[in-house]
Amino acid sequence: MVPFGYKSLRVDTLVFRTSPFTIFDPGSPLLKTVAMTVQEEKKKSSFTKRKGDAATGQQKGHFPFKKTKQPAEEQTFKSHKEQKALKKERKLARPGADILEQAKGFWEDCRRTDLSDDDRKGPLDSLFESLKGHYKEVLMKNDGSRMVQTLIKYGSKSQKEAIVEELQGHFVDLAKNAYGHFIVEKLLKALPSFRPQIINEFSGKLSSCMKHKTASDIIDTIYSDYSKLAQRNEMMHEFYGKEFLLFKEQYRGLGLVEILQKHPDKREPVLKRLRESIDGVLKKEATNLIHHSILHRMILDYAKCEEVKTVRSWIPNILDALMEIVHTEDGAKAAVLFIAMAGAKERKAIVKACRQYLAKLIKDEYGHLVVIALMSFVDDTVLLEKSVVQELKQHEVNELFDNRYSRQVLFALYTPVDGRYFVKDTVELFALAQKIALETSKKPEELRRRELAAHMTPLLYAHFSKRLPEGLKAPMIGSLIMEMTGSGLSEDFFNDLKTVLSSESATILCDPAYRSFFKKLFKRMSSEERLIELAGAVNMERLFESEAAFVLAPLLTRPTCRSFVMDAIAKLKKMTEHAKSLADMANRASAGLSLYTADRS
């Protein structure tokens with residue numbers, strides 16, 4: 001046993017503090033570890049010192065990386081006033097700084113919101129004159145751009161036109177500048193007559209501008225807000241190849257589908273060039289590029305014209321960006337085609353990508369088309385029930401019906417996308433997608449819809465039962481109930497309808513809206529027994545007193561139901577004849593009584 005005299009030892013980051021009289025066993029693992037650590041630390045320390053001495057020639061123990069304090073007499077301290085003056089001096093040394101400094105006073109007066117138009121005219125003219133001839137120079141700076149924006153906002157038409165004339169030939173450079181692109185955007189909005197002149201400067205440069213962070217915003221604004229269909233088609237030509245720029249007249253106003261129909265030999269080079277343009281934009285790190293409508297149009301054209309196998313292999317590349325494009329018309333249409341073309345694995349990935357956005361997609365103007373496509377083409381109905389149907393169940397039925405887009409999602413559960421409830425453009429899109437899905441989907445569409453509707457139908461019937469009979473007058477609710485009858489009326493809802501007809505048939509069937517609903521319902525019901533049971537609840541005596549009797553017309557087209565109606569009419573006729581004979585007897589008795597009374601008197 002030996003004494004261990006160190007008062008403090010550091011092993012890695014742990015410090016062991018000991019007393020001079022602490023006794024350790026020489027064979028202890030702790031003692032061996034401490035001893036080895038001390039030796040390694042000594043070796044490292046001596047190696048560092050030798051290395052420093054050899055490299056710098058400094059004295060032993062000097063660390064060359066350690067900063068030495070500057071002598072007090074060499075240290076210089078500038079006051080805040082001096083620093084401000086130095087900053088102003090450096091700023092004035094920049095090109096155009098003197099012009100901006102002179103114009104800044106006028107600008108401060110122009111942008112005041114409490115000035116009238118007459119009071120603002122003076123400083124506005126002074127600002128215009130001070131910047132005249134230097135617009136291109138000052139627009140590349142933050143304060144200069146804001147000054148010119150003020151001129152565009154409050155200036156006269158002649159002043160705005162003078163700015164455009166001076167900037168002619170430089171709009172592409174301005175669009176690529178962090179401050180200049182605001183001027184291009186405001187001039188496009190403020191001067192419709194000069195819009196073609198500004199837009200023409202971007203001709204031939206769209207492909208490069210689309211990859212630029214700020215210039216792409218200008219291109220998308222031109223495409224979305226200031227171009228008609230023919231002009232948009234011509235803008236797209238720049239992404240098809242240089243030939244379409246050289247021979248503009250030959251392809252003027254034509255879309256890609258029309259071009260490839262007339263020139264099928266150009267299919268491969270055009271689609272290759274278009275694919276390269278799309279991939280070039282998608283690879284950019286700027287997140288705003290994927291949101292542009294013109295890019296969504298490029299993706300849609302490629303999806304429409306390329307072969308299904310090629311597009312299917314490309315889907316994983318665009319899957320991450322899929323949820324970024326569904327907020328526009330072209331982007332949503334492209335997503336519908338991707339879902340129709342995808343295999344089971346890709347569709348599952350698309351459903352998972354959509355899951356966290358379903359609440360917004362269901363009520364979105366274009367996003368709801370993607371939800372309908374999922375219900376129409378994805379074979380895995382269990383996955384759809386856990387995602388799409390569960391999301392629908394979390395909303396109130398009234399809330400879904402109040403929104404025209406979520407209402408269409410409900411209709412898609414019970415009916416194919418046709419002209420009864422969907423616009424022509426949507427019908428044509430899903431007709432194309434359905435042709436593609438015949439090769440990629442295995443489960444019949446009718447079976448897929450029936451499996452999904454089975455999870456939603458009880459909830460809808462429960463809601464409609466609470467709104468009887470007033471809810472039947474609403475045209476969309478009545479139409480949805482008509483489509484739901486294909487999967488069979490629930491027992492509770494059927495009994496509720498019988499109760500309504502038995503208690504209020506004389507009243508509600510006189511209303512054309514109610515009469516139209518029940519007439520369509522009788523026509524849609526497949527079971528004749530159930531139909532007779534429901535029609536039997538009607539008060540026949542009151543029914544034939546008005547045109548409400550026409551509600552029974554659909555029953556006359558079925559043999560069994562026709563017999564029921566004819567028997568009811570015959571019974572009613574007998575009752576009527578009996579009532580008539582009773583009335584004649586009463587009339588004769590009344591007349592005889594009157595004669596007897598007269599004779600006695």
Side-chain angles (χ1 to χ4, degrees), residues 256-257 260 267-268 271-272 274-275 278-279 282 296-326 329-355 357-358 361-362 366-389 408-409 411-418 422 425-455:
L256 183 58
V257 176
L260 296 184
R267 180 185 187 87
E268 185 175 348
L271 292 178
K272 181 181 178 182
L274 182 59
R275 169 80 174 266
I278 296 172
D279 289 340
L282 293 178
H296 303 172
R297 167 69 184 277
M298 294 163 62
I299 296 173
L300 176 61
D301 283 351
Y302 183 76
K304 278 185 175 181
C305 300
E306 186 57 279
E307 294 182 359
V308 174
K309 292 182 179 179
T310 306
V311 177
R312 187 188 302 175
S313 64
W314 187 58
I315 289 177
N317 298 341
I318 201 173
L319 186 60
D320 294 337
L322 192 62
M323 288 300 100
E324 304 291 341
I325 71 174
V326 296
E329 182 178 4
D330 291 335
K333 289 180 178 179
V336 170
L337 294 180
F338 287 147
I339 294 171
M341 296 176 182
K345 183 179 179 181
E346 290 82 9
R347 286 172 177 169
K348 186 175 182 180
I350 292 174
V351 172
K352 289 184 177 180
C354 294
R355 180 172 290 182
Y357 304 104
L358 282 173
L361 289 175
I362 288 171
Y366 303 113
H368 77 283
L369 298 176
V370 179
V371 181
I372 295 175
L374 292 176
M375 298 189 302
S376 300
F377 306 125
V378 177
D379 289 332
D380 190 350
T381 52
V382 176
L383 178 62
L384 290 177
E385 191 276 328
K386 292 180 179 179
S387 53
V388 177
V389 178
Q408 289 191 333
V409 175
F411 274 99
L413 280 171
Y414 299 96
T415 179
V417 179
D418 54 27
F422 298 90
D425 199 26
T426 303
V427 174
E428 293 176 352
L429 171 66
F430 275 84
L432 174 62
Q434 190 63 46
K435 291 181 181 179
I436 298 171
L438 292 176
E439 302 177 4
T440 57
S441 297
K442 298 179 180 179
K443 186 177 292 187
E445 183 182 3
E446 185 64 31
L447 176 60
R448 190 187 303 114
R449 268 203 310 271
R450 192 161 57 247
E451 290 177 356
L452 291 175
H455 300 285

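This is a predicted model, so every value here is computed, not measured.
To the nearest 0.5 Å, atom NE2 of residue His455 and atom CG of residue Leu452 are 7.0 Å apart. Note that CD1 of Ile339 is 12.0 Å distant from CD1 of Ile436, once rounded to the nearest 0.5 Å. With values rounded to the nearest 0.5 angstrom, Leu274 atom CG is found 6.5 Å from Asp301 atom CG. Expressed to the nearest 0.5 Å, how far CG of Leu282 lies from CD of Glu324 amounts to 11.0 Å. We find the CE-CZ distance between Met298 and Arg275 to be 12.0 Å, quoted to the nearest 0.5 Å.
Listed by first and then second residue, the ring pair (Phe, Tyr, Trp, His ring centres under 6.0 Å) pairs that reach into residues 332-352 come to none, sequence neighbours excluded. For the salt bridge (charged side-chain N to carboxylate O under 4.0 Å, His left out) condition, the pairs that include at least one residue of residues 333-347, sequence neighbours left out, are Glu329-Lys333, Lys333-Asp425.
Closest non-hydrogen pair, Met323 versus Cys354, comes out as CE-SG, 3.1 Å. Between Ile350 and Ala342 the shortest heavy-atom distance is CD1-CB, 4.5 Å. Taking both residues in full, the closest heavy atoms of Ala433 and Ala340 are given as O-CB, 3.5 Å, listed atom of the first, atom of the second, then distance. Heavy atoms only, all atoms of each residue included: Glu307 and Arg267 are closest at N-NH2, 4.3 Å. Of all the heavy atoms in Arg355 and Ser387, the pair that sits closest is NE-CB, 3.8 Å.
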Requested in this report: Output, in order, the C-alpha distance, side-chain angles, deciding distance and verdict of side-chain contact (heavy atoms from CB on, under 4.5 Å) for Thr310 and Tyr302.
Outcome: CA-CA 10 Å; Thr310 306; Tyr302 183 76; 3.7 Å; yes
Report task. Starting from the C-alpha separation in whole Å, work towards a yes-or-no answer on side-chain contact (heavy atoms from CB on, under 4.5 Å) for Leu260 and Lys304. Result -> CA-CA 11 Å; Leu260 296 184; Lys304 278 185 175 181; over 6 Å; no
Report task. Evaluate the criterion side-chain contact (heavy atoms from CB on, under 4.5 Å) for residue pair Leu369 and Val326; output intermediate values, then yes/no. Result -> CA-CA 9 Å; Leu369 298 176; Val326 296; over 6 Å; no
Query raised in the report: Yes or no on side-chain contact (heavy atoms from CB on, under 4.5 Å) for Asp279 and Trp314, after CA distance, side-chain angles and deciding distance?
Result: CA-CA 10 Å; Asp279 289 340; Trp314 187 58; 3.2 Å; yes
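Using a 4.5 Å heavy-atom threshold, the side chains of Gln408 and Thr426 count as separate. In this structure, the side chains of Leu271 and Leu256 come closer than 4.5 Å at one or more pairs of heavy atoms. Residues Leu300 and Leu337 have side chains in contact (heavy-atom distance under 4.5 Å, counting atoms from C-beta outward).
In this view, Glu428 satisfies the side chain to side chain donor-acceptor pair (under 3.5 Å) rule with no residue, not counting sequence neighbours. The side chain to side chain donor-acceptor pair (under 3.5 Å) test applied to Glu446 returns Arg449, not counting sequence neighbours. Annotation: ring pair (Phe, Tyr, Trp, His ring centres under 6.0 Å) contacts of Phe411 (sequence neighbours excluded): Tyr421.
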Report all side-chain donor-acceptor pairs from residues 370-385 shorter than 3.5 Å, counting only partners two or more places apart or in another chain.
from, atom 1, to, atom 2, distance (Å)
Ser376, OG, Ile372, O, 2.7
Asp379, OD1, Lys443, N, 3.4
Asp379, OD1, Arg448, NH2, 3.0
Asp379, OD2, Lys442, N, 2.9
Asp380, OD1, Val382, N, 3.4
Asp380, OD1, Leu383, N, 3.2
Thr381, OG1, Glu451, OE1, 2.8
Glu385, OE2, Gln390, NE2, 2.8

